[in-house]
2 protein chains.
Amino acid sequence: MQTATTEQAPTELKLSGNRKAVYMLMQQQQRALSAYEIIDLLRPQIGRIIHPMLVYRCLDFLLEKQLVVKLVSVNKFVALPNDLTEPGQCLICEICQAVTFSASSNPLQQQKRKIAATGFKLNQQPVEFHGICASCQKDHTE
Amino acid sequence: MQTATTEQAPTELKLSGNRKAVYMLMQQQQRALSAYEIIDLLRPQIGRIIHPMLVYRCLDFLLEKQLVVKLVSVNKFVALPNDLTEPGQCLICEICQAVTFSASSNPLQQQKRKIAATGFKLNQQPVEFHGICASCQKDHTE
DNA sequence: TCGTGATATGTTATATTATCACAATTCGTG
DNA sequence: CACGAATTGTGATAATATAACATATCACGA
Ligand SMILES: [Zn+2]
Ligand SMILES: [Zn+2]
Ligand SMILES: [Zn+2]
Ligand SMILES: [Zn+2]
């Protein structure tokens with residue numbers, strides 16, 4: 001029923017069916033979602049029950065294409081901001097779950113080189129820092 | 001039946017019953033274990049079925065006392081090396097699962113200060129880097 | 001020593017995250 | 001169209017984690 005193209009993805013990528021639906025949802029939401037949150041958000045859009053396997057398969061594909069990343073420390077998935085050219089880092093608030101991406105700044109790049117020099121080959125995922133964001137700190141002291 | 005003291009923990013800490021058993025196991029193993037691996041390893045020692053809840057409660061306690069850390073990116077737990085004075089960092093091999101702790105070296109400390117300066121309050125867990133260890137790289141090229 | 005509240009343990013059930021296995025359908029291309 | 005490859009559909013199950021409530025043990029003052 002649906003054609004299998006998309007105009008949103010970078011570099012003229014074609015996504016079809018479920019993959020397109022999952023990726024577009026993730027781009028709209030711009031926050032970390034669990035696979036099951038994706039299922040819940042997708043159901044009303046698609047109008048039928050969506051099986052976990054289906055979502056995990058779409059996520060696997062999108063991960064391979066580096067369109068999304070898995071935040072391994074919280075078991076959630078998020079669309080990669082288009083302006084990030086390297087995996088960089090992200091800050092994850094343990095209270096409100098907000099996720100803030102940025103490029104690796106100098107010290108982190110230095111640290112990564114240092115690790116690489118020991119023979120350990122880092123993967124291409126963002127380094128995940130955990131803590132409490134400024135806004136949640138305010139909430140707790142007022 | 002068992003008395004409730006231990007002589008292994010740093011700073012004269014008393015652990016009783018299950019907590020002691022879990023902590024001693026983790027110190028012996030010196031590798032990252034899932035809660036369910038702990039259950040399986042503990043059963044023969046204790047001689048009865050150990051419920052997940054029990055192990056998770058012990059882990060919660062040990063986490064609070066900072067005797068163990070949770071590697072949030074792999075959902076495993078590991079006894080904190082006694083010589084680590086700050087949370088530091090760890091390298092996790094995605095093939096063999098080896099985990100190597102070390103103190104934060106300068107660039108990482110600098111990075112942490114930089115993050116703190118933005119108002120984000122980092123927690124006290126090690127920063128987890130993922131990749132492939134030197135030994136596993138050799139295995140793949142030979 | 002006994003009573004009492006706090007702490008720790010025992011147990012069942014359930015929630016959350018993720019993968020396996022196999023069938024059916026659709027797609028791309030000669 | 002025909003064919004194999006890629007994608008989707010579906011049920012079952014594994015792996016990780018927490019909720020809820022009952023019971024037992026400990027600590028310590030009366
Ligand atoms: Zn927050
Ligand atoms: Zn709060
Ligand atoms: Zn390895
Ligand atoms: Zn291999």
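Letters go in sequence order (proteins before strands), and every chain restarts at 1.
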Self-check item: Separation of atom CG in L62(B) from atom C1' in dT9(C), rounded to whole Å
Solution: 15 Å

Self-check item: Most 5' of R57(B) and K76(B) on DNA chain D, judged by nearest nucleotide
Solution: K76(B)

Practice problem: Using distance alone, with no hydrogens and no angle criterion, decide if Q111(A) and Q110(B) have a side-chain donor and acceptor under 3.5 Å apart. | Solution: no

Exercise. Could you check how far OH of Y56(A) sits from P of dT10(D), rounded to whole Å?
Key: 19 Å

Quiz prompt | Below 4.0 Å: OP1/OP2 of dT7(D) and any side-chain N or O of K20(A) | solution = no

Quiz item: Got V99(A) and R31(A) here, is their nearest side-chain heavy-atom distance under 4.5 Å?
Solution: no

Exercise. Would you tell me if any nitrogen or oxygen in the side chain of N18(A) comes within less than 4.0 Å of OP1 or OP2 on dG9(D)?
Key: yes

Quiz prompt | Gap between atoms CZ and P, on F61(B) and dT7(C) respectively (whole Å) | solution = 11 Å

Practice problem: Evaluate the criterion side chain to side chain donor-acceptor pair (under 3.5 Å) for residue pair E128(A) and S73(B); output intermediate values, then yes/no. | Solution: CA-CA 9 Å; E128(A) 301 171 30; S73(B) 63; over 6 Å; no

Exercise. Would you confirm whether Q137(B), through its side chain, and G119(A), through its main-chain N or O, come within 3.5 Å as a donor-acceptor pair?
Key: yes

Exercise. May I ask you to verify if any side-chain N or O of N75(B) is less than 4.0 angstrom from the OP1 or OP2 atom of dA17(D)?
Key: yes

Exercise. Check whether any side-chain heavy atom of L67(B) lies under 4.5 Å from a side-chain heavy atom of L80(B), and answer yes or no.
Key: no

Exercise. Could you check how far CG of D60(A) sits from C1' of dT7(D), rounded to whole Å?
Key: 13 Å

Quiz prompt | Contacting residues from residues 38-55 of chain A, given that a heavy atom lies under 4.0 angstrom of DNA chain C | solution = M53(A)

Quiz item: M53(A) and V22(A): same hydrophobic cluster, using ILVMFWY side-chain contacts below 4.5 Å?
Solution: no

Quiz item: With no angle test and no hydrogens, is the base of dA18(C) tied to the side chain of Y36(A) by a donor-acceptor pair under 3.5 Å?
Solution: yes

Quiz item: Is any side-chain nitrogen or oxygen of R19(A) closer than 4.0 Å to OP1 or OP2 of dA6(D)?
Solution: no

Quiz prompt | Atom-to-atom span, CG of L63(B) to C1' of dT18(D) - whole angstrom | solution = 15 Å

Quiz prompt | ILVMFWY cluster membership beyond V72(A) - transitive side-chain contacts under 4.5 angstrom | solution = none

Exercise. Find the distance E64(A):CD to dA6(D):P and express it as a whole number of Å.
Key: 12 Å

